[in-house]
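Structure, as structure tokens:
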Amino acid sequence: MKRLKTLVSLLAAAAMLLLMPNTDLPQVSAAEPVTYSLKYVEANNEWRYHVGPWDDNNSGHRELYYLKESIKDGDVIVVEGGDQGLTLELPVNLSSITFNHSHLAVITAKSVENVYVLRDSVAAINGDVKNAHVYDNAVVNFNNNVTNLYITKEICGQQTIAVVGTVDYVKTSDAEKIYNEMYNFQANSFRQEEGILKTDASKYSMVPVPTAPVVPGDPAATLPVVPVDPTVTLPVVPTVPVDPTVTVPVVPTAPVTPVAPVVPVTPADSLYDDVPKTGEPLALPGLLFMGAGICFGGAYLLKRKSA
């Protein structure tokens, strides 16, 4: 009896799965970036990190060794202020690094989307940077390429900046106006000391370099240009004159017998009805009938056994 009940339950479950409509698949969302705050803890005599904003009242700080194990591409680093230097290597692509009034921090990453060097900070970045923001009297070295360098004055414009790689675009501004814009600094040429640009004018441009647009699918752009040798003389082919007195006989053409048009045969209504229509469920009625038969037969057998 127990085995029969199990068999009937399995058959009923299979029938329900066959008859159930398709359901939406669960949506998978990308993990949000994690912010790691770093600070030198005097009580431990070492740098520690905390997930989220730094909290001096929270003693759950961890060693940087575990940070290297848990950090991933797209995460955020914030270096808090202090008098101690920091050297940290993170083999990931970071979303941003903020130097928050830090004394001296050297961070190495594969690349960084945004770097913020705030006032009174001294920092160095190893890795390509897309957007670098340097404020007031900050001192910073970028040891690789920088796409956009924004030099922003809040209180004073006395930034000291050096870039070992290239810089595509530089803008110096404050909250009210833009002082200048410069383009295409050559590698290892950008130098600014306490707000004064030290780069030779031949190493950069005051206007963006235009690039010629490429028309996609232009066959002329892919055809090689063959130079013409002026010393080569092509032979001249003589033309045969036409004699106007010669009459060319005209050959008559045989008339073409027209072909009778083919009249299409209209199919009978009964043949049309036998063809399945688009969108008709062919197997659903059979599945419903089969499921109903399984459920009914199982219930009947259970009732007969229990009687």
Side-chain angles (χ1 to χ4, degrees), residues 25-156 159-161 163 171 173-175:
L25 296 176
Q27 299 296 324
V28 179
S29 58
E32 293 293 329
V34 179
T35 298
Y36 296 95
S37 298
L38 282 62
K39 189 174 182 179
Y40 189 85
V41 180
E42 298 289 346
N44 303 101
N45 293 323
E46 65 179 356
W47 282 85
R48 294 289 186 95
Y49 81 92
H50 179 72
V51 177
W54 186 268
D55 184 4
D56 287 325
N57 298 322
N58 189 338
S59 60
H61 311 135
R62 306 194 68 186
E63 295 85 353
L64 297 185
Y65 169 80
Y66 298 103
L67 169 64
K68 296 180 180 180
E69 290 186 340
S70 58
I71 198 166
K72 63 184 185 303
D73 288 343
D75 284 344
V76 176
I77 293 292
V78 178
V79 183
E80 299 292 344
D83 296 331
Q84 301 294 329
L86 168 66
T87 301
L88 181 62
E89 184 174 351
L90 300 171
V92 293
N93 301 294
L94 295 172
S95 175
S96 72
I97 301 176
T98 300
F99 298 92
N100 187 16
H101 312 291
S102 60
H103 172 66
L104 174 60
V106 180
I107 295 183
T108 301
K110 289 182 178 180
S111 67
V112 188
E113 185 78 10
N114 298 287
V115 172
Y116 302 91
V117 187
L118 305 185
R119 182 173 62 255
D120 301 327
S121 297
V122 180
I125 300 294
N126 296 319
D128 290 341
V129 176
K130 184 174 182 181
N131 301 303
H133 304 262
V134 186
Y135 297 86
D136 286 347
N137 61 344
V139 178
V140 58
N141 270 31
F142 296 99
N143 295 322
N144 292 85
N145 300 324
V146 176
T147 303
N148 302 307
L149 175 58
Y150 302 98
I151 304 173
T152 304
K153 173 184 175 182
E154 291 182 326
I155 298 176
C156 63
Q159 296 93 335
T160 297
I161 307 169
V163 182
K171 181 175 76 171
S173 64
D174 58 18

Mind listing the closest non-hydrogen atom pair of Ser95 and Gly74 along with its distance?
-> CB-O, 3.1 Å

Could you tell me whether Asp83 atom CG has more than 12 heavy atoms of other residues or ligands within 6.0 Å of it?
-> no

To the nearest 0.5 Å, atom NE2 of His50 lies from atom CZ of Arg62 at 12.0 Å

Evaluate whether atom CD of Glu63 has more than 12 neighbouring non-hydrogen atoms of other residues, nucleotides or ligands under 6.0 angstrom away.
-> yes

Is any side-chain heavy atom of Leu88 closer than 4.5 Å to a side-chain heavy atom of Val79?
-> no

Determine, step by step, whether Ile107 and Val112 satisfy the side-chain contact (heavy atoms from CB on, under 4.5 Å) criterion, reporting the C-alpha distance in whole Å, the side-chain angles of both residues, the deciding distance to 0.1 Å, and the verdict.
-> CA-CA 10 Å; Ile107 295 183; Val112 188; over 6 Å; no

Is a side-chain N or O of Ser102 found less than 3.5 angstrom from the main chain of Ser121, in a donor-acceptor match?
-> no

Exactly one of Phe99, Tyr150, Phe142 clears ring-ring contact (aromatic ring centres under 6.0 Å, His included) with His133, and that residue is Tyr150

Flag side-chain contact, heavy atom, 4.5 Å: Tyr36 against Val51 | yes

Please report the closest heavy-atom contact between Trp47 and Glu80, naming both atoms and the distance.
-> CH2-O, 4.1 Å

For the residue pair His103 and Val122, establish whether any side-chain heavy-atom pair is separated by less than 4.5 Å.
-> no

Stepwise side chain to side chain donor-acceptor pair (under 3.5 Å) test for Asn114 and Ser96 = CA-CA 5 Å; Asn114 298 287; Ser96 72; over 6 Å; no

N/O donor-acceptor pair under 3.5 Å between Gln84 side chain and Tyr40 backbone = no

Between the side chain of Asp136 and the main-chain N/O of Arg119, is any donor-acceptor distance below 3.5 Å?
-> no

Report yes if the side chains of Asp120 and Asn137 come closer than 4.5 Å at any heavy-atom pair, otherwise no.
-> yes

Side chain to side chain donor-acceptor pair (under 3.5 Å) against Ser111, all qualifying residues, sequence neighbours excluded | Asn93

If you round to the nearest 0.5 Å, how far is CG of Leu118 from OG1 of Thr152?
-> 10.5 Å

Considering only heavy atoms from C-beta outward, does the side chain of Leu90 approach that of Ile77 to under 4.5 Å?
-> yes

Give the intermediate values and the outcome of side chain to side chain donor-acceptor pair (under 3.5 Å) for residues Asn126 and Asn144.
-> CA-CA 6 Å; Asn126 296 319; Asn144 292 85; over 6 Å; no

pair Val34-Lys72: side-chain heavy atoms closer than 4.5 Å | yes

Of all residues at least two apart in sequence or in a different chain, which pass the side chain to side chain donor-acceptor pair (under 3.5 Å) check with Asp56?
-> Lys39, Trp54

Please confirm whether the backbone N or O of Asn145 pairs with a side-chain atom of Asp128, one donor and one acceptor, at under 3.5 Å?
-> yes

Drop me the distance from Asp174's CG to Cys156's SG, to the nearest 0.5 angstrom.
-> 12.0 Å

About how many Å separate NZ of Lys153 and OG of Ser173, when rounded to the nearest 0.5 Å?
-> 11.0 Å

Tyr66 side, atom OH; Arg48 side, atom CZ - distance, nearest 0.5 Å | 9.5 Å

Salt bridge (charged side-chain N to carboxylate O under 4.0 Å, His left out) contacts touching residues 102-113 (sequence neighbours left out) | Glu113-Lys130

Do Ile71 and Leu94 come close enough that some side-chain heavy atom pair is under 4.5 Å?
-> yes

